[in-house]
Amino acid sequence: MLSNHPLSDKSIFLERQLSPPFAMLTAADYPTAVWLSRAGVDLILVGDSLANVELGLASTTQVGMDIMLHHAAAVLRGAKDTPVIVDMPFDAYQPEGSDALLNARKFIDLGCAAVKVEWFSRCPQVVRLLCDGGIKVMGHVGLTPQTAQNFNVRGRTQQEAEGIVRQSLELEQSGCFAVVLECVPESLAQRITAVLRIPSIGIGAGRFCDGQVLVTNDMLGLNAGKLPRFVKPYAALGEATVAAVQAYTKDVHSAVFPGPEQTYR
Ligand code: KIV
């Protein structure tokens, strides 16, 4: 974050006023939401990346409304003082004939503060429909996994970069209150952040966005696979879990657990 960045008018109003720089993290279950909320993260996203990191599925398009509602409800029970934003699953708004407003309302009625939608050709119309219906909408451009053919950095060519700038502006004009920039060069994210009046929230978009988001499983070291370059590992909970489970298994095998302290009399 540059100290001379014009952040002053880039607040987010969700349940209360939040000022940049925003720290957003994903959650898909109750305990994660409790800990994130307790730690004071600004925003919690029930991202459809839960398809990959929680459910072991290949694609985010494999989760629908029922699964996202199930996870959103669990997160809302744990995230007492933190606004919760939820990803609209692909089949809830992108295919022709999907009832985007009805589906978005289901999340808001549950207690979510806003929904997030990924860019596709009719995205501005869908955003307008949702905003006219009183729903707060976060946009998402750059690498948009619901429709991505590959997971390469986006916006490296002039043409693609101009397209992402245009999409960001269209989302702003359509009523989005913020936009996620995923996997774009830092200079492009900086340019978009400068032209937008709404905040940008970067993931793999460098230092100059108005906020940052990471997938919690990635930054806590719970992902067994290879991490993208943009993830900073803040903990190694996967390895800590292995060590704890090995110790427990050894104790059980050697009759050390349970001991007298864990035994009722
Ligand atoms: O689903 C998700 O976790 C997301 C983040 C990567 C922004 O959309």
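Note that these values count all heavy atoms, side chains included, but never hydrogens, waters or copies made by symmetry. We count ligands from 1, going down the list as the structure has it; atoms in each ligand are counted the same way.
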Tell me the contacting part of L50 for ligand 1: side chain, backbone, both, or neither, using a 4.0 Å heavy-atom threshold, strictly below.
neither
Could you check whether F120 and Y93 have their ring centres less than 6.0 Å apart?
yes
May I have the step-by-step check of side-chain contact (heavy atoms from CB on, under 4.5 Å) for L196 and L169, ending in yes or no?
CA-CA 7 Å; L196 287 182; L169 284 167; 4.0 Å; yes
Provide, to 0.1 Å, the distance between atom 5 (C) of ligand 1 and the closest protein heavy atom, together with that atom's residue and name.
L45 CD2, 3.9 Å
Which atom names give the shortest non-hydrogen contact between L171 and G139, and what distance separates them?
CD1-CA, 3.9 Å
Verdict with reasoning, N152 to R154, per side-chain contact (heavy atoms from CB on, under 4.5 Å)
CA-CA 6 Å; N152 300 335; R154 300 297 198 265; 4.1 Å; yes
Honestly, for D87 the part within reach of ligand 1 (heavy atoms, under 4.0 Å) is side chain
Contact region, K116 to ligand 1, non-hydrogen atoms below 4.0 Å, reads side chain
Which other residues end up in the same hydrophobic cluster as V53, if Ile, Leu, Val, Met, Phe, Trp and Tyr are linked when side-chain heavy atoms come under 4.5 Å apart?
V215
Using a strict cut-off of 4.0 Å, indicate which atoms of ligand 1 neighbour a heavy atom of I203.
6 (C)
Can you list the ligand 1 atoms lying under 4.0 Å from a non-hydrogen atom of H140?
8 (O)
Under 4.0 Å from a heavy atom of T26: give me the atoms of ligand 1 that qualify, with their elements.
3 (O)
Heavy-atom contacts with G47 under 4.0 Å: which atoms of ligand 1 show up? List them by number with element.
1 (O), 2 (C), 3 (O)
Can a salt bridge be assigned to the pair R191 and E162 using a cut-off of 4.0 Å between side-chain N and carboxylate O?
yes
Pull out every atom of ligand 1 sitting under 4.0 Å from any heavy atom of V215, numbered as shown with elements.
3 (O)
Other than Y248, what residues sit in its cluster of Ile, Leu, Val, Met, Phe, Trp and Tyr side chains whose heavy atoms are under 4.5 Å apart, directly or through others?
V252, F257
Least distance between heavy atoms, L36 atom then A27 atom:
CD1-CB, 3.9 Å
Return the closest protein heavy atom for atom 2 (C) of ligand 1 as residue, atom name and distance.
S49 OG, 3.3 Å
Short N/O distance, under 3.5 Å, between E118 and ligand 1?
no
